[in-house]
Amino acid sequence: MQMATITPEILKKLKSTYVDPLPTLVDKVDGRIHTSFMQTVTATGRLSSNNPNLQNIPIRSEKGKEIRKAFVARGEDYSLMSVDYSQIELRIIAALSNDPNMVEAFQKGHDIHTATAAKVFHLTPEEVSKDQRSAAKAVNFGIIYGQSAFGLAQNLNISRKEAKEIIDNYFAQYGTIKEYMDGTVAKARENGYVETIMKRRRYLPDINSTNAIVRGYAERNAINAPIQGSAADIIKLAMVAVRKEMQKQQLQSKMILQVHDELIFDVHKEEVDQMKTLVKSAMENAVQLTVPMEVEMELAKNWLEAH
DNA sequence: TCAATCACG
DNA sequence: ACGTACGTGATTGAA
């Protein structure tokens, strides 16, 4: 196992950004930290959070986990419940492209990274090694961002030739995704914008630039924005549905945070079963696509263990 | 005031 | 031949 190396720079960042300021921001009246959610800041339709930003509370490093542990439910009778969409952006790509292989993997409930590795490396899912799954995961993520063979090579620390072979294999298996991506860029060139499933637009004035670097940037935006933006559409619809149902059932639990593909609730112990059912249903049924939306949920006393 | 670095999805 | 993975916010330190 590779140990997480905590450098002095990281400690300094954690202290100056979280450990020192957050305790001073606890509201004197209610004992809680309040963020602001901005609805008109991002290019894709995501929310952003500031003063303080509660969408970038640490979780990856060991010391960071200690910080996240400090976020707890409001009292004895309450727990934090975290509910996050599983692979929402890949499901959206699958649905928007209607790629038969990727749609099938999600419809059958397969582990998408293992399924991808099996296809790319011509193996059965059982034969896929950890490194192969990890490589497939990197490609799946890279696809969402319009990553090149060069970028994948750097990311995986392999040669450009090896990276190109993996990507070529990927598109041989998921050919309709390639068509979808090319089609999205072509449409962006004609229209000057791309749009999400709820028709929100992102304008791309540089999509026809004669400067290849500038144009390349806009092309990656064209690919990414409908995916990231549609995920934002879906969780926003879910939030409205959740709130409506919570009101209808007159619950005292509260929806307290949104972190892009995750909702966090402060749940009263007598409402746990109701909340689990209601939130799962609202999130999974926020939209109807050709692939199922699935959520994972956990309940705990603090945010680290609820995640 | 802004770029670099780091935190998150 | 070019550069090369999307979206944010906070802090720091140089200009």
Side-chain angles (χ1 to χ4, degrees), chain A residues 4-22 24-25 35-68 71 82-90 92-93 137-156 160 163-164 167 181 184-185 188 194 196 200 202 204 206 209-235 257-264 296 303-304 307:
Chain A
T5 312
I6 311 265
T7 62
E9 289 73 27
I10 291 185
L11 284 177
K12 193 176 161 193
K13 169 71 69 173
L14 294 178
K15 183 170 190 293
S16 67
T17 308
Y18 306 101
V19 178
D20 288 339
L22 287 179
T24 74
L25 298 172
T35 184
S36 297
F37 282 110
M38 312 307 285
Q39 298 215 65
T40 56
V41 167
T42 70
T44 56
R46 275 188 172 185
L47 302 184
S48 82
S49 157
N50 67 21
N51 298 304
N53 183 357
L54 294 187
Q55 291 182 322
N56 73 342
I57 297 304
I59 191 171
R60 293 171 190 167
S61 72
E62 281 310 308
K63 297 289 184 190
K65 286 185 167 66
E66 294 301 311
I67 294 168
R68 188 167 283 231
F71 288 79
S82 163
V83 192
D84 66 286
Y85 280 109
S86 160
Q87 307 297 350
I88 188 166
E89 295 192 338
L90 276 179
I92 288 166
I93 277 214
K137 185 176 176 178
V139 184
N140 275 332
F141 270 102
I143 290 303
I144 292 165
Y145 305 139
Q147 188 183 40
S148 65
F150 179 91
L152 182 69
Q154 281 213 320
N155 186 14
L156 292 181
R160 206 178 311 190
K164 186 180 181 305
I167 290 175
M181 288 169 60
T184 300
V185 171
V194 289
T196 67
R200 186 188 20 247
R202 177 169 183 176
L204 299 165
D206 293 330
S209 170
T210 53
N211 181 326
I213 297 160
V214 170
R215 191 176 64 246
Y217 207 112
E219 288 171 354
R220 293 193 297 276
N221 288 159
I223 291 165
N224 176 261
I227 300 165
Q228 188 178 120
S230 295
D233 290 345
I234 291 169
I235 197 166
L257 283 178
Q258 188 253 47
V259 191
H260 310 307
D261 66 351
E262 170 191 18
L263 296 177
I264 296 108
E296 295 174 348
W303 192 6
L304 178 68
H307 193 276

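Below, chain A is the first sequence line, B the second, and so on; all start at residue 1.
Checked options A/I223, A/I88, A/I227; the residue passing with A/I93 is A/I227 (criterion: side chain to side chain contact (heavy atoms under 4.5 Å, CB included)).
If you check distances only, the side chain of A/S148 does reach the base of C/dT4 with a donor-acceptor pair under 3.5 Å. Donor-acceptor pairing under 3.5 Å, judged by distance alone, is absent between the side chain of A/Q55 and the base of B/dC8.
For A/R60 and B/dG9, the shortest distance from a side-chain N or O to OP1 or OP2 is below 4.0 Å. Note on A/N221: a side-chain N or O is less than 4.0 Å away from OP1 or OP2 of C/dG7. The side chain of A/T44 places no N or O atom within less than 4.0 Å of a non-bridging phosphate oxygen (OP1 or OP2) of C/dG7. The side chain of A/K12 places no N or O atom within less than 4.0 Å of a non-bridging phosphate oxygen (OP1 or OP2) of B/dA7. Here A/S16 does not reach the OP1 or OP2 of C/dA10: none of its side-chain N or O atoms lies under 4.0 Å away. Between A/R68 and the phosphate of B/dC8, there is no side-chain N or O to OP1/OP2 separation shorter than 4.0 Å. Checking the phosphate oxygens (OP1, OP2) of C/dC6, a side-chain nitrogen or oxygen of A/R220 falls inside 4.0 Å. Phosphate proximity of C/dG9 to A/Y18: absent, as no side-chain N or O sits under 4.0 Å from OP1 or OP2.
Counting to the nearest Å, the C1' atom of B/dA7 and the CG atom of A/L257 are 15 Å from each other. One can place CD of A/E89 at 12 Å from P of B/dG9, the figure rounded to the nearest angstrom. In this structure, A/L47 places its CG atom 12 Å from C1' of C/dG7, rounding to the nearest Å.
Annotation: of the two residues near DNA chain C, A/F150 and A/Q228, the 5′-most nearest-nucleotide partner is A/F150.
Between C/dT4 and B/dT5, the two P atoms lie 15 Å apart (nearest whole Å). Going from the C1' atom of B/dC6 to that of C/dG3 covers 24 Å, rounded to whole Å.
A donor-acceptor pair under 3.5 Å links the side-chain atoms of A/T35 to the main chain of A/N50, judged by distance alone.
Nucleic acid contact for A/I10: sugar-phosphate only, since backbone atoms but no base atoms lie under 4.0 Å from a heavy atom of the residue. Residue A/N51 is classed as a sugar-phosphate contact, given heavy-atom separations below 4.0 Å to backbone atoms only. In this structure, A/N56 reaches the bases: a heavy-atom distance under 4.0 Å links it to at least one base atom across the strands shown. Across all strands, A/A149 comes closer than 4.0 Å to no nucleic acid atom at all (heavy-atom distances).
Residue A/I213 has its side chain nearest to C/dC2 when only C/dC2, C/dG7, C/dT12 are considered. Among C/dT4, C/dC2, C/dG9, the nucleotide with an atom closest to any side-chain atom of A/A212 is C/dC2. Checked against C/dG7, C/dA5, C/dT11, the side chain of A/N224 finds its nearest nucleotide in C/dG7. Side-chain proximity of A/V259 to C/dC2, B/dG9, C/dG7: nearest is B/dG9.
Contact check on A/K13 versus A/E9 returns no salt bridge, with no Lys/Arg side-chain nitrogen under 4.0 Å from an Asp/Glu carboxylate oxygen.
For C/dC2, there is no paired base (Watson-Crick or G-U wobble, both distances below 3.5 Å). When both pairing distances are held under 3.5 Å, C/dA10 makes a Watson-Crick or G-U pair with B/dT5.
Cation-pi geometry between A/R220 and A/Y217 is met: under 6.0 angstrom from the ring centre, within 45 degrees of the axis.
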